[in-house]
Amino acid sequence: MRDYLADRILAALATLGGAPDGFVPEFQQPANPEHGDLASNAALQLARHFRRAPRQVAEDLARALDVDARRITSVEIAGPGFINFRFGPAWLTDELARIVQAGEHYGRTGSGTDRRAIVEFVSANPTGPLTVGHGRNAVLGDTVANLFEWTGYGVTREYYFNDAGRQMRVLGESVKARYLAFVDPSRGTREIEGPSGPVAVPDGFPEDGYLGDYIGEIARGLHETHGADLVDAPADGPFKEAAEQVIFREIESTLHRLGIRMDTYFNERTLYETGRIWEIVEALRGRDLAYEKDGATWFRTTAFGKEDDTVLVKSTGEPTYRLPDIGYHVDKLERGFDRIIDIFGADHIATYPDVVSGVKALGHDTDRIEVVIYQFVTLVRGGEPVKMSTRKATYVTLDDLMDEVGEDVTRFFFLMRSPNTHLEFDLDLAREASEKNPVFYLQYAHARIASILRKAEEVGFAFDPDADLALLTHETETSLVKVLLGFPEAVERAAEAREPHRVATYLRDVAVAFTQFYGACRIIGEDPKLASARMQLATAARIVLRNGLSVLGISAPDRM
RNA sequence: GCGCCCGUAGCUCAACCGGACAGAGCGGCGGUCUUCUAAACCGCAGGCUGCAGGUUCGAGUCCUGCCGGGCGCGCCA
């Protein structure tokens, strides 16, 4: 419809002496229904160009406008010079029929056809269970990936991790110390600083070791299968490996609960093994963007406007995260993706420009790389913010959260707000009042429609699939149709903006419009022709709710 | 000190690349179940969109400066 009207407006402008080059008519849905179904501000924008009052331009434009009376029933000028259009009932019913016909494909668009995107998300190193903090990343990334799929992209979901490095070494040491205590229960203990005062740990437990219960579980498992055979094994040998394996399995199962399945896991180590990172250092050096100082290799980030240069390779010979990150992104570019999306928490925002600079310096097209930054989740319990630390085990895991409020609520909660606003998660509220969560409102609307269809079957009402949709004249009926027609655009915009919450917001409008229709119009028991038409409308609403919830990765139950 | 994000109803948040009278949910107050699900619906109250300027036909949205909060600014990731 927008394309059609844009075409008509341009045609009308041509008869008025032409529009400025590159002028593209814009439309908006008026907030006030009295202003019609779609409004153009063309006259306001062109007033200066024509050197006339906006309303004058609007009148001329409206007069010159030649539109199909079946699609547009009224063209009005209002306010400072808006041109308001009203859709014809025949067009609306045609479109409604199209929704039912498209079914589960309704809302899929082809803007990304034949293009490929990779979304990298979660990417937590396997040092412990996923926490609520990872939840926002996981759900956001998965849903952004869904949005890409709905616009026609081929999508790869990738998890990037690193099992070398200090964190993992400490993890191995933590497990080994617990293991030794299982082997020799009389082993001495000492106290280190825990989350709330000192805690007793076995001798040999690192000062900054991991205190979570899962460490002991892993150690117990090793003791049960290997007995005392591992007492002389290195911490970063079987202990670290066992920990990594067990923890990764848990992470994966947590993600599965959320409906997330990764396509690929990328181990940072491969960038070392292939020598990729050293090639990059040499390439940068060749462009005079890397140099040696104080035993370290530096990246000349001052050449890109930063105040200081940054270290690429430490004096120990170990690269900083920046170097493999550059290599990783080059790798993704070489794999031929058209869009490369990284989902990062706000704390990583500063690292991104260095990586892009590096990739760009190597001659790659960095326009394809894009970062979705989300702000932190503040966990609130008993009205107080909860400080979380994986190491100190003062976290709430994603599994805990799902146990308490359910998978659907968990997903919806992380998706209902814009990524770049802080998310306050009140645990008490989520637990006690979870039935008041907006996600239930959407699901309830869906369940009600399913209930109507069941009921129809029970009473033996066979509705006519070729129902005369022109019978849908009630105010709540037409407004529901109009809302339903907005779905493809809602998906498209959410995808473009990488903002899943737009879909959630839209679905609320759908549920509201349906519920109003439901309250005002009965289906079963009405005249069969009208009932059939309404059944079509309800079916269309169900399709939109189901498809929309599917974009968000949330179930659409038939009963509640 | 510098950089990024945020500041909208009592609380949590929307507002579609600048549009018409800033909207929801929760909480508060008052109504509505013999009907396809009351996990619902209807109504009322509640706002100088942090403050001060600027840009223009028009600003919550863009620019500048303040104020307040978050996150960064490491040979950690």
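Excluded from the calculations below are hydrogen atoms, water molecules and symmetry mates; all remaining heavy atoms, backbone and side chain alike, are included. Below, read A as the first sequence line, B as the second, and so on, with proteins coming before strands; counting in each chain starts at 1.
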Presence of A:R417 side-chain N/O under 4.0 Å of B:A14 phosphate oxygens OP1/OP2: no

Is it the case that the side chain of A:N84 and the backbone of A:A39 share a donor-acceptor pair, with hydrogens and angles ignored and the cut-off at 3.5 Å? no

Tell me: CD of A:Q29 to C1' of B:C17, nearest whole Å? 16 Å

Flag side-chain contact, heavy atom, 4.5 Å: A:L312 against A:R322: yes

Under 6.0 Å between the ring centres of A:F248 and A:F161? yes

Find the distance A:Q56:CD to B:C57:C1' and express it as a whole number of Å. 15 Å

Phosphate oxygens OP1/OP2 of B:A38: is one of them under 4.0 Å from a side-chain N or O of A:R448? yes

A:Y441 side chain N/O closer than 4.0 Å to the phosphate oxygens (OP1, OP2) of B:C41? yes

When rounded to the nearest Å, what value does the distance between P atoms of B:U49 and B:A9 take? 10 Å

With respect to the phosphate group of B:C36, does any side-chain polar atom (N or O) of A:Y444 fall under 4.0 Å of OP1 or OP2? no

Roughly how many Å apart are B:G27 and B:C4, using the P atom of each and rounding to a whole number? 40 Å

Would one find a side-chain N or O of A:T421 under 4.0 angstrom from OP1 or OP2 of B:A14? yes

Rounding to an integer number of Å, can you tell me how far A:Q516 CD sits from B:U32 P? 20 Å

Nearest whole Å is fine: how far is B:C36 P from A:R559 CZ? 15 Å

Nearest-Å distance once atom C1' is located in both B:G58 and B:G19: 7 Å

Are A:Y160 and A:Y328 near enough that their ring centres are under 6.0 Å apart? yes

Distance, rounded to the nearest Å, where A:Y506 contributes OH and B:A15 contributes P: 16 Å

For nucleotides 19-26 of chain B, 5' to 3', base contacts (B), sugar-phosphate-only contacts (S) and non-contacts (-) with protein non-hydrogen atoms under 4.0 Å give BBB--SS-

Between B:U8 and B:C48 - P atom distance, rounded Å: 12 Å

A:Q536 (side chain) donor-acceptor with A:P465 (main chain) under 3.5 angstrom: yes

Separation of the P atoms in B:U12 and B:U56, to the nearest angstrom: 37 Å

Tell me if B:C33 is syn or anti. Syn = glycosidic torsion within 90° of 0, anti otherwise. syn

Can A:Y291 and A:D309 be counted as having a side-chain donor-acceptor contact under 3.5 angstrom? yes

Verify whether one side chain among A:Q29 and A:D37 offers a donor that lies under 3.5 Å from an acceptor in the other. no

Which whole-number value in Å describes the distance from A:H501 NE2 to B:C13 P? 12 Å

Short side-chain to backbone donor-acceptor contact, A:R86 and A:H35, under 3.5 Å: no

Pairing stems for RNA chain B [at least three consecutive pairs; Watson-Crick or G-U; under 3.5 angstrom]: B:1-7 with B:67-73, B:10-13 with B:23-26, B:28-32 with B:40-44, B:50-54 with B:62-66

Measuring centre to centre across the rings, with the benzene-like ring taken for any Trp, is A:Y159 within less than 6.0 Å of A:F266? no

Would you say the side chains of A:E492 and A:S111 form a donor-acceptor pair under 3.5 Å? yes

Report which part of the nucleic acid A:D558 touches: base, sugar-phosphate, or nothing (heavy-atom distance under 4.0 Å, all strands). base

Assess, by modelled atom type and distance only, whether the side chains of A:D354 and A:T301 contain a donor and an acceptor separated by less than 3.5 Å. no

A:L46 CG to B:G58 P: how many Å, rounded? 17 Å

Answer with yes or no after comparing the ring centroid distance for A:F304 and A:F299 against a 6.0 Å cut-off, counting only values under it. yes

Nearest heavy atom decides the nucleotide; on that basis, is A:R48 or A:P419 closer to the 5' end of RNA chain B? A:P419

When you compare B:G3 with B:C63, how far apart are their P atoms, in angstrom units rounded to a whole number? 14 Å

Between B:U61 and B:A15, how far apart are the P atoms? Round to whole Å, please. 14 Å

Check the distance between B:C36's C1' and A:K455's NZ and give it to me in whole angstrom. 7 Å

Please report the distance separating the P of B:G53 from the corresponding atom of B:G10, rounded so that it comes out in whole Å. 24 Å

Is a donor from one side chain sitting under 3.5 angstrom from an acceptor on the other, for A:Y374 and A:N137? yes

Sugar-phosphate atoms are those with a prime plus P, OP1 and OP2; base atoms are the rest. Using that split, label each nucleotide of nucleotides 71-77 of chain B B, S or - for protein heavy atoms under 4.0 Å, 5' to 3'. SS--BSB

